[in-house]
Novice: 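Starting off with a structure, shown below.
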Amino acid sequence: MSEKILIVEDELNLRKLLSIFLSQQQYQVIAIDNAEEAIALLAQQPIDLILMDNRLPQMTGLEALKIIKESHPEMFIILMTAYAGVDTAVEALKQGAIDYIVKPFDLNELKALIKRTLELSRAKKQGIDLSPKIELTNSDTKGHILTNSPNMMELCRNIAKISQTKTTVLITGESGTGKELVAKTIHYYSTRSTGPFIKVNCGALPETLLESTLFGHEKGSFTGAYQRQLGLFERAHRGTLFLDEVAEMSTNLQVKLLRVIQEKEFEPIGGTRLIKTDFRLIAATNRSLQDMISTGEFREDLFYRLNVMELSLPPLRDRKNDVMLLARYFANQFCHENNKELLDFTISAVEVLNQYPWPGNVRELSNAIEHAVVMSNGLFIYPQDLPAHIIAHKKTPDFNPDFGEDEQHGATLKEKVKIYEKELIINELKLNHGHRENTARSLGVSKRTLLYKMQEYEIVETIN
């Protein structure tokens, strides 16, 4: 008999599509639109797998997941979500989801995920213990990755999984993409979150100083060593050590690092005793280590030790959906730091920010928004408040005013704000392809508020 899959999805078209697709894969399919009915149905008949949306009416998928796992701890559940930050991913895994998938998803990807999950289900029914021996630890200090982009959501999904293991991680990506933030996120969602997170930039220190920093030294081991100093390998015990720009490490230190990774012990400079250490290693680089291997600049054996799990961070130019999300986050942050009223961006400023390619990635965006906050004189950030090189990149050299002259003439401040608010909502709807929940999120308002404003300004939905 074919396995039975329960689909819990409130969107009718998607529910029908999934039902037809999975039925074609020879599965028995039951499709319903709410979590309460799903919980009741589980008491009446056996289900092999639940495919459940997170955003459901009345009870969310995460809430239902917790209830289901309490009464059916062996149940395999895949969560579907349109927004997958690391916190969502970790919470899903914490509550017992076997995995989750980000909307919109490829049906073949879903097919493969279901196949793998049902294989695990069969193995468990045969008595093979598959329960993860992991205890999740909450932390008040967590990495915070903001994204609306599918490629970053997939990265968050992988971060959530990796954080619950002890494996070594290599983070790659251009400068400014947020490699340190990802390393912190892995640490703060891991079982080592109560331990130290220690970072060092391998390219910022000369070889001798970096060696002393990593390994520590005994008193009198070299000129100026007036007292014993603990190295980062020892200080990172039961925590995480983050080696940024690991490609800049000399080949001599690469050999010593390889030994520490393999043996989990080391000798401080000038010492004779071995010191045991237990730390998780996360390394990062903006260079191609494989290219460096071919030129003899990086050891191949160390590369394979570091590259157990690789996370490749996309550049900001491939995360267009995130530019304004991050820009508003930084604006809020820098307004608070500089005791300024909360600013927003004019339509022209949004166009400038979205057209710029951001070679410096998120770091450059942060610097640009800080510059704009400092230069702004009012409630809004205008194009002229941004750094000159960003303004100069705009495809059309002459800016149209954010409010037409006819509309501005004689208008009160309240009327100008309404004109701007209407244009801002229309612009955000276009940027989010008419998706109202994403639009509300990027504007920082509730979906109900967005719908009210659309009705007030008679904004007709031509896209959705």
Novice: Hey, what do you get for CD1 (Ile162) to OG1 (Thr185), rounding to the nearest 0.5 Å?
Specialist: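 Result: 12.0 Å between the selected atoms.
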
Novice: Identify the heavy atoms of Leu253 and Leu210 that sit nearest to each other, and give their distance.
Specialist: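 Between these two residues, the closest heavy atoms are CD1-CD2, 3.7 Å.
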
Novice: Are Glu70 and Lys66 close enough for a salt bridge, meaning some N to O gap below 4.0 Å?
Specialist: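 Lys66 and Glu70: not salt-bridged.
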
Novice: Answer whether the closest heavy-atom distance between the side chains of Leu313 and Lys179 falls below 4.5 Å.
Specialist: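 Of all side-chain heavy-atom pairs linking Lys179 with Leu313, at least one is under 4.5 Å.
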
Novice: By side-chain hydrogen bond (donor to acceptor under 3.5 Å, both in side chains), which residues pair with Gln26, not counting sequence neighbours?
Specialist: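 Checked Gln26 against side-chain hydrogen bond (donor to acceptor under 3.5 Å, both in side chains); zero matches.
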
Novice: Evaluate the side-chain proximity of Asp33 to Leu12: yes if any heavy-atom separation is below 4.5 Å, no if none is.
Specialist: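 No. Closest side-chain heavy atoms not under 4.5 Å.
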
Novice: Quick one: CG on Asn54 to OG1 on Thr81, what's the gap to the nearest 0.5 Å?
Specialist: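 Rounded to the nearest 0.5 Å, the CG-OG1 separation comes to 5.0 Å.
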
Novice: Report yes if the side chains of Arg116 and Leu113 come closer than 4.5 Å at any heavy-atom pair, otherwise no.
Specialist: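 Heavy-atom side-chain distance check passes, below 4.5 Å.
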
Novice: Please list, chain by chain and in numerical order, all residues satisfying side-chain hydrogen bond (donor to acceptor under 3.5 Å, both in side chains) with Asn427, sequence neighbours excluded.
Specialist: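 For Asn427 there are no side-chain hydrogen bond (donor to acceptor under 3.5 Å, both in side chains) partners, ignoring immediate neighbours.
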
Novice: Side chains of Asp48 and Phe76: closer than 4.5 Å at any heavy-atom pair?
Specialist: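 A side-chain contact under 4.5 Å is absent here.
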
Novice: Do Leu289 and Leu170 come close enough that some side-chain heavy atom pair is under 4.5 Å?
Specialist: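 Contact flag for Leu289/Leu170 side chains = yes.
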
Novice: I need the Tyr27 OH to Leu18 CG distance, nearest 0.5 Å.
Specialist: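 Those atoms lie 13.0 Å apart.
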
Novice: Specify the closest pair of heavy atoms between Asn151 and Pro314, including all atoms of both residues, with the distance to one decimal.
Specialist: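 Minimum heavy-atom contact is ND2-CB, 3.6 Å.
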
Novice: Under a plain distance cut-off of 3.5 Å, with no hydrogens placed, do Thr172 and Glu310 share a side-chain donor-acceptor pair?
Specialist: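 Result is yes, a qualifying pair exists.
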
Novice: Phe266: what forms a ring-ring contact (aromatic ring centres under 6.0 Å, His included) with it, not counting sequence neighbours?
Specialist: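 Phe266 satisfies ring-ring contact (aromatic ring centres under 6.0 Å, His included) with Phe233 only.
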
Novice: Is it true that Asp99 and Lys161 make a salt bridge, defined as a side-chain N closer than 4.0 Å to a carboxylate O?
Specialist: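 Salt bridge present between Asp99 and Lys161.
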
Novice: Determine the sole option in Glu364, Glu351, His393 for which the side chain to side chain donor-acceptor pair (under 3.5 Å) test with Tyr356 is passed.
Specialist: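 For Tyr356, the side chain to side chain donor-acceptor pair (under 3.5 Å) check succeeds only for Glu364.
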
Novice: Kindly list each side-chain donor-acceptor pair under 3.5 angstrom involving residues 236-248, sequence neighbours excluded, with atom names and distances?
Specialist:
residue	atom	partner	partner atom	Å
His237	ND1	Asp278	N	3.0
Thr240	OG1	His187	ND1	2.7
Glu248	OE2	Arg287	NH1	3.3

Novice: Is it true that a side-chain atom of Ser163 and a backbone atom of Ile159 form a donor plus acceptor pair closer than 3.5 Å?
Specialist: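 A pair under 3.5 Å: yes.
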
Novice: Do the side chains of Thr60 and Leu56 get nearer than 4.5 Å, heavy atoms only?
Specialist: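 Contact flag for Leu56/Thr60 side chains = no.
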
Novice: Going from CD on Gln262 to CZ on Arg305, what distance comes out if it is rounded to the nearest 0.5 angstrom?
Specialist: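 Here the rounded value is 4.5 Å.
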
Novice: Under the 3.5 angstrom rule, does the side chain of Lys320 hit a backbone N or O of Asn354 as a donor-acceptor pair?
Specialist: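 Yes, Lys320 side chain to Asn354 backbone: donor-acceptor pair under 3.5 Å.
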
Novice: Taking all non-hydrogen atoms of both residues, which atom of Ala349 and which atom of Pro383 are closest, and how far apart?
Specialist: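 For Ala349 versus Pro383, the nearest heavy atoms are N-CG, 3.7 Å.
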
Novice: With sequence neighbours left out, write down each residue that passes side-chain hydrogen bond (donor to acceptor under 3.5 Å, both in side chains) with Thr439, or none if nothing qualifies.
Specialist: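 Applying side-chain hydrogen bond (donor to acceptor under 3.5 Å, both in side chains) to Thr439 gives none.
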
Novice: Minimum heavy-atom separation for Ser294 to Asp291, with atom names?
Specialist: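 In this case the closest contact between Ser294 and Asp291 is OG-O, 2.5 Å.
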
Novice: Return yes if a side-chain donor-acceptor contact under 3.5 Å exists between Glu174 and Asn286, otherwise no.
Specialist: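 No, no side-chain donor-acceptor contact under 3.5 Å.
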
Novice: Using a strict 4.0 Å threshold on nitrogen-to-oxygen distance, state whether Glu428 and Arg436 make a salt bridge.
Specialist: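 A salt bridge is absent here (no side-chain N lies under 4.0 Å from a carboxylate O).
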
Novice: Just so I know, are the side chains of Ile186 and Arg280 near enough to count as touching, which here means a heavy-atom distance under 4.5 Å?
Specialist: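 Yes - at least one pair of side-chain heavy atoms lies under 4.5 Å apart.
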
Novice: In terms of side-chain geometry, is the basic nitrogen of Asp301 or Arg299 positioned less than 4.0 Å from the acidic oxygen of its partner?
Specialist: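 Counted as a salt bridge, because a side-chain N and a carboxylate O are separated by less than 4.0 Å.
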
Novice: Please determine, by modelled atom types, if Asn321 and Ser149 share a side-chain donor-acceptor pair under 3.5 angstrom.
Specialist: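 Looking only at side-chain atoms, Ser149 and Asn321 do not form any donor-acceptor pair under 3.5 Å.
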
Novice: Has Asn34 got a side-chain atom pairing as donor or acceptor with Glu37's backbone, closer than 3.5 angstrom?
Specialist: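 Checking the backbone N and O of Glu37 against the side chain of Asn34, a donor-acceptor pair under 3.5 Å is found.
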
Novice: How long is the straight-line distance from CZ of Phe334 back to OH of Tyr329, given to the nearest 0.5 Å?
Specialist: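 Rounded to the nearest 0.5 Å, the OH-CZ separation comes out at 9.0 Å.
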
Novice: Under 3.5 Å, side chain of Asn338 to main-chain N/O of Lys340, donor-acceptor pair present?
Specialist: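 A pair under 3.5 Å: no.
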
Novice: When you measure from the side chain of Trp358 to the backbone of Val323, do you find a donor-acceptor pair of N or O atoms at a distance under 3.5 Å?
Specialist: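 No, the answer is negative, given that no donor and acceptor are paired below the 3.5 Å cut-off.
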
Novice: For Met152 versus Thr147, what's the shortest heavy-atom pair and its separation?
Specialist: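 Minimum heavy-atom contact is CB-OG1, 3.0 Å.
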
Novice: Quick one: does Asn361's side chain have a donor or acceptor within less than 3.5 Å of a partner on Arg363's backbone?
Specialist: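 Checked: no pair found.
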
Novice: Taking side chain as C-beta onward, heavy atoms only, is Leu232 less than 4.5 Å from Arg235?
Specialist: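 Yes, close enough: below the 4.5 Å cut-off.
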
Novice: Return yes if a side-chain donor-acceptor contact under 3.5 Å exists between Glu297 and Thr295, otherwise no.
Specialist: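 Checked: Glu297/Thr295 side chains pair up, N/O donor to acceptor below 3.5 Å.
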
Novice: Can you check whether Asn438's main-chain N or O pairs, donor with acceptor, with His435's side chain at less than 3.5 Å?
Specialist: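 Checked: pair present.
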
Novice: Determine the minimum heavy-atom distance between Ala372 and Leu386, stating which atoms define it.
Specialist: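 It is CB-CD2, 3.9 Å.
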
Novice: To the closest 0.5 Å, what do you measure between CD1 (Ile20) and CD (Gln25)?
Specialist: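 Between Ile20 CD1 and Gln25 CD, I get 12.5 Å after rounding to 0.5 Å.
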
Novice: Applying side-chain contact (heavy atoms from CB on, under 4.5 Å), can you list everything that pairs with Lys264, at least two apart in sequence or on another chain?
Specialist: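 Per chain and number, Lys264 pairs via side-chain contact (heavy atoms from CB on, under 4.5 Å) with no residue.
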
